[in-house]
Amino acid sequence: MVKDMTLKDAALIVQKFGGTSLADATRIKAVAGHIARTKRRGYQIVVVVSAMGATTNDLLRLAVDVSSFQPARELDMLLSAGERISMALLCMALADLNIPAVSFTGSQAGILTDNIHTKAKVLEVKTQRISQALVEDKVPVVAGFQGVSEEKEITTLGRGGSDTTAVALAAALGAEVCEIYTDVPGVFSADPAIVPQARKLGRISYEEMMEISVSGGKVLALRSVEFARNHGIILHVRSSFTWETGTWIVQEDSSMEQAVVSAITSDDSEAKLTIREVPDRPGVAALLFRSLADKAVNVDMIVQNISKAGTTDISFTLPKDDLPAAMEAVNGLKSQLEVCEVIADTSLAKVSVVGAGMKTHTGVSAKMFETLANNNINIEMISTSPIRISALVKEEMLEQAVRLLHSAFELERQE
Ligand code: ADP
Ligand code: ASP
Ligand code: MG
């Protein structure tokens, strides 16, 4: 379709392939075949790969097996190896199809990050080597999820971070679209693994996708969606198994149907910390949350109870992975905050209802809470954004809660 263009003018697509898409030799060859077909249609392509199958989890397990403490720098060295395996194998599979390709680690690809190991942020992308490869008519294959810090250390971008690599490259290179190939055919009205009747969404706004990601819909990493919105990059989430058209994530416009509720999400990766009987005076919350922020703990929901006898309880949720850092922060403040008791609860999970139409419709929270109440599911904490309502429930009730809400809001596929 772009037959008459010179290579320099050909449209550029970034294609990112997730772990399941590259799980074994057959899958890697299938992905290489798809890249070859796209290239033969006249596009310039930059490829971003995740680690094969469960490699990242396997490496994490090994780390825990060899040591009770994993220094963050070494974790990054270890985990970044997963994506290097994929990039080299994919280049070999492409060579087999006579498609010249060249692999790059995150650092070689010019992905510069801050210094926060295991959840670094991309600061800048220096695209010279990738651009040079494109000029030489080679397909650059970039290891996702990793970069190099200002201190010249290897960093990783947090779980699911290959999505962010792909969008950052798409933005830096001015790509036409960033395609995220995964094991489901798009973004659904709920995780299809929990709700088999979930409906594929044709098109959704960055805002809704951000809320889906932030509340546990791991199909796209939150930072990748933020990045796409900030740089106006169109995302297309689609299957590497069927190659069918998937879900487009775009700027909201007036032609977009504004569903009151478009998705139900769930997240079992958070824990709740309660700090009992802290003094109820100005500055206490500031001290606590400053010290958590300094340890890069990502706090989500926060509740402070009514003061009794000059003290109050503060509860907040945070990623389970951040619990050790949070405990360290709280313990360091024990004498200043006159804290007597800190309770960690890892038996809770979050269910959320997301939809842009919520801005103009009332009754969504009432219906959500009624549905949970009618089924004896107790709510422990609530938080909201203009287009999301989240409730913390017992983890064992989570999947049931998702299915009940999905059906209460009539989100099932129409057969
Ligand atoms: P990849 O390895 O390709 O990055 P992920 O496992 O990170 O894939 O994300 C894809 C998975 O996200 C799907 O297998 C699906 O179970 C899960 N998922 C959760 N919520 C949703 C949703 N709303 N729509 C689609 N997939 C979802
Ligand atoms: N391999 C990394 C992970 O499993 C990054 C990614 O897949 O996006 O989280
Ligand atoms: Mg992913």
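Model, not experiment: these values are computed from the prediction. Counting starts at 1 for both ligands and their atoms, in listed order.
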Using a strict 4.0 Å threshold on nitrogen-to-oxygen distance, state whether [X] and [Y] make a salt bridge.
| X | Y | answer |
| --- | --- | --- |
| Lys119 | Asp321 | no |
| Lys359 | Glu207 | no |
| Glu136 | Lys138 | yes |
| Asp294 | Arg290 | yes |
| Asp58 | Arg61 | yes |

Per-atom contacts of ligand 1 with [X], taking only distances under 4.0 Å to non-hydrogen atoms:
| X | result |
| --- | --- |
| Gly217 | 20 (N) |
| Asp183 | 10 (C), 11 (C), 13 (C), 14 (O) |
| Ala190 | 22 (C), 23 (N) |
| Lys16 | 4 (O) |

message: Show the nearest heavy-atom pair for residues Leu235 and Val225, with the distance to one decimal.
response: CD1-CA, 4.5 Å
field: Minimal non-hydrogen separation, Ser347 against Lys394, with atom names
entry: OG-NZ, 3.3 Å
- request: Before signing off on this row, confirm whether Phe188 and ligand 1 have an N or O atom pair separated by under 3.5 Å.
  value: yes
message: Are any of the N/O atoms on Ala193, whether in the backbone or the side chain, positioned under 3.5 angstrom from an N/O atom of ligand 1?
response: no
query: Is it true that Gly19 lies under 4.0 Å from ligand 2, counting heavy atoms only?
result: no
field: Gly161 near ligand 2 by a heavy-atom separation under 4.0 Å
entry: yes
Nearest-contact summary for [atom] - protein heavy atom, Å:
| atom | answer |
| --- | --- |
| atom 2 (O) of ligand 1 | Gly19 N, 3.1 Å |
| atom 7 (O) of ligand 2 | Ser50 OG, 3.1 Å |
| atom 7 (O) of ligand 1 | Lys218 O, 3.5 Å |

- line: So the atoms of ligand 2 within less than 4.0 Å of a heavy atom of Gly160 turn out to be 3 (C), 5 (C), 6 (C), 8 (O), 9 (O)
message: With a 3.5 Å distance limit and no angle check, can you tell me whether Thr165 reaches the backbone of Phe145 through a side-chain donor-acceptor pair?
response: yes
query: Given Met87, which of Val48, Val142, Thr105 fulfils the side chain to side chain contact (heavy atoms under 4.5 Å, CB included) condition?
result: Thr105
query: Would the number of heavy atoms belonging to other residues, nucleotides or ligands and lying under 6.0 Å from NZ of Lys121 be above 12?
result: no
- prompt: Applying a strict 4.0 Å limit to heavy atoms, is Gly186 in contact with ligand 1?
  reply: yes
message: Pairing donors with acceptors under 3.5 angstrom, does anything connect the side chains of Ser215 and Ser390?
response: no
Lys200 contact mode with ligand 1 (heavy-atom cut-off under 4.0 Å): neither
- line: Logged contact type for Pro192 with ligand 1, heavy-atom cut-off 4.0 Å, is side chain
statement: Note: heavy atom closest to atom 4 (O) of ligand 2, options Lys218, Gln146, Arg159, belongs to Arg159
field: Heavy-atom nearest neighbour of atom 10 (C) of ligand 1 within options Ile194, Thr182, Thr247, Asp191
entry: Thr182
field: Under 3.5 Å: N/O of Ser162 near N/O of ligand 2
entry: yes
